[in-house]
Amino acid sequence: MWQAIKNFYHRMGTPREFYRIAGYWIPIFGVCFAVLFIVGAYLGLVVAPADYQQGDSFRIIYVHVPAAWMSLFVYVVMAFAGAIGLIWRMKMAFIVMITSASIGATFTFIALATGSLWGKPTWGTWWQWEARLTSELVLLFLYIGIMVLYSAFTERKTAEKAAAILCIVGVINIPIIHYSVEWWNSLHQGSTVIREGGPAMPASMLTPLLLMALSFQFFYGWLLFIKARTQALTQEQGSSWVKQIIESKQVK
Amino acid sequence: MSVKNHLSLESIRCVRGDNTLFSELSIDAENGDLLRIRGENGSGKTSLLRIIAGIALADAGKVLWNKKTIQESDSFATDIAYLAHRDGIKSELTAIENLKFYQQLYNQNDTEKLMNVLDALDISHIYPLPARQLSFGQRRRLGFARLLLSSTKLWLLDEPFTGIDVSGRELLEQHCVDFLNQGGMIVMTHHAELEHSELIQREQSVDLTSLNIGRFQSEMETI
Amino acid sequence: MTAKQSTSHFSSFTLFLRRECFLLWNNQENVIQPLFFFLITISLFPFSLGSDPELLKIIMPSIAWVAIVLAIMMSLNSLFRDDFEDGSLEQWLIGNRSLALIALAKIMVYWLFNGVFLAILACIVCLSTNISFEQIKVLFASLLLGTISLQLIGGIGAALTVTIQRSGLLIAIIVMPLFIPILIFGAGAVTRSIAGESVAGALYTLATLAVLSITFAPFGISFALRNTIE
């Protein structure tokens, strides 16, 4: 059993096998994402009742909260991938890490943008230095740092390793950043806490949120597989298996 | 130096960008060997030296020093001296301050030896000068002084004679011969021919250009 | 680790401490420039905020913290730059020498001559705005503890970018998010002290972060140098 997992793991680590296996998963992830997203969006935007305080504007949480969760999730995935790449020198791990960076940054941006859209009717301003939004902003800076560092190197191998190290340093810092921002926020202002979930939320509101969160997961997997596959092809363009793929496509 | 030392490269591969510079490179060297790395510009000569020094990591294969990989070997850091394009000399310090530091790094503290080395390299007059005032050739000799000071067993020399005049070159080649005769080991890159007859006699070549397995046909899927 | 090895590690640590002090003595601009940068930056704020003494008295410590974060960030570029360009770093990388100890020695010296001097200067500047001695003490303590972490964490950024030619802005972009918690607790300690609240929590947190940085950052720096220089 353990051996089988190990074998699978090593096979996924090579761009060639990754390309093949990811090819099967892409449609599955795509369909799962589409179904969950449609059901979740329907339940969230149409079926769920309006909030008695915020009216319909609360419905933005169905994008905001999953995006915020994903922004953190993707960063942790990147740090794990980076560590795997550094320890076992696995090419695919670095590819996963670096293609995740732009996806994660986009999730972070979506979370910030929707948070600010929600803030306008609720707080009356587009931006409030509120703990969770601020942490999200710092997370965006971390993502930007990794992407900028990666693109600053001319040698890809060095760029991958440097970005991976920064990613790991960042992931150690995330809890510290979170804690510090909470602490800082408790000084500057009282209680404008976003009421987002918790047990207080009725099932008719919570179910669509969870469905949307799950659909975002599949969306990430789907995007990641597509992008990582492309990246694998680009990086390995000199090798024979890529040439075979290109030839087989041309015949069709 | 009666102890036998042994340097061994096992199936080294070096990839830069999308090009495999060389692969399956295996070399063995022992006391008294002079190994000369040849190859065109960009064939990976400097990369190979850096891999042997443990500064860069090989993309595959191992470097062994006395049967241990250089990362595990306790003595490697003090057994080896590397003279690179960047000579590791601080411009703001004087010649003697620079050398003193390296001497201490090699766990020695012998001022007399230091002056002897400067004498041997014909640069004893420059010792109180800040390194930034030295000419390129003098600086190069200062770098060489670092090698002579260390009681290392392996010298890695990257184009050591560049920018040095004829008399200086004879001197340095003579020092290389002496080092080899005392049981040292040298791995060097050098674009021109060596001149000292004994060096030529001991020289063994590795040509990286012939090891280059083709820049467009890298076999990366085997990892 | 054998006893012999640990003594040799210790002696190379002290050797590098002495060397870095000596080098800084020869490159005094590395000590003086951050101080000037700090002074100039801090004097920009009254120009932009107005000269109301009551306002400045409240915000001066926070401004001092921002200016110090910036000054340290600007100085990071030169941390490993010279050693890389003249080939010294390559010499430390040979074999399995303990690069982490070398990095720690280097940063301790830089902390002593940048961090501590900046902290003293910041306190002198803030004294001029008439804030109480009690608050100056808090400011000094928070700066001493905070600059340790700033320089060690910044060292990782400097190590990651040492092979990149124009890395000044790049370092700023990658280390700024990592500096935010330290800035928050550092400036927060002083703000709380002005508000009459307890500062122990913030100072303890800063001390914890400093200890964590001393423990882990040298390995991060060593790992970063080994992986980016090749």
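The chains referred to below are lettered A, B, ... by the order of the sequence lines, with proteins before strands, and numbering in each begins at 1. Note that the coordinates shown come from a computational prediction; the quantities given were computed from them, not determined experimentally. These values consider heavy atoms only, across backbone and side chains, with no hydrogens, waters or symmetry-generated copies.
Of the listed residues (C:Ile171, C:Ile174, C:Ile153, C:Thr163), the greatest number of heavy-atom pairs within a distance under 4.5 Å of chain A belongs to C:Ile174. Ranked by heavy-atom pairs under 4.5 Å with chain A, the list C:Thr205, C:Leu178, C:Leu183 is led by C:Leu178.
Atom CD of A:Glu160 and atom CG of C:Asn227 lie 11.5 Å apart (nearest 0.5 Å). To the nearest 0.5 angstrom, C:Phe223 atom CZ is 4.5 Å from A:Leu86 atom CG. Rounding to the nearest 0.5 angstrom, the gap separating the CD1 atom in A:Ile144 from the CE atom in C:Met176 is 10.5 Å.
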C:Phe179 vs A:Phe141, ring pair (Phe, Tyr, Trp, His ring centres under 6.0 Å): CA-CA, chis, key distance, verdict: CA-CA 11 Å; C:Phe179 281 0; A:Phe141 294 158; over 10 Å; no
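For C:Leu55, the CG atom sits in a packed shell: over 12 heavy atoms of surrounding residues, nucleotides or ligands are nearer than 6.0 Å. Within a 6.0 Å sphere centred on CZ of A:Phe109, heavy atoms belonging to other residues, nucleotides or ligands number 12 at most. Within 6.0 Å of the CE atom in A:Met147, the count of heavy atoms belonging to other residues, nucleotides or ligands exceeds 12. For C:Phe45, the CZ atom sits in a packed shell: over 12 heavy atoms of surrounding residues, nucleotides or ligands are nearer than 6.0 Å. Crowding of C:Phe219 atom CZ: a count of heavy atoms from other residues, nucleotides or ligands under 6.0 Å not exceeding 12.
Taking the salt bridge (charged side-chain N to carboxylate O under 4.0 Å, His left out) definition, one finds that A:Glu155 meets it with nothing, sequence neighbours left out.
Pairing each heavy atom of A:Phe153 with each of C:Thr228, the nearest pair is CZ-CG2, 4.1 Å. When all heavy atoms of A:Ser180 and C:Phe185 are compared, the pair lying nearest together is CB-CE1, 3.3 Å. Scanning all heavy atoms of the two residues, the minimum distance from C:Ile164 to A:Ala152 falls at CD1-CB, 3.6 Å. Considering every non-hydrogen atom in both C:Pro181 and A:Asn173, the closest pair reads CG-OD1, 4.4 Å.
Exactly one residue among A:Ile177, A:Ile176, A:Val181, A:Thr134 makes a side chain to side chain contact (heavy atoms under 4.5 Å, CB included) with C:Ile184. That residue is A:Val181.
Only the side chain of C:Ile156 comes within contact range of chain A, with heavy atoms under 4.5 Å apart. At a 4.5 Å heavy-atom cutoff, A:Ile168 makes no contact with chain C through either its backbone or its side chain. Heavy atoms of C:Leu209 lying under 4.5 Å from chain A belong exclusively to its side chain.
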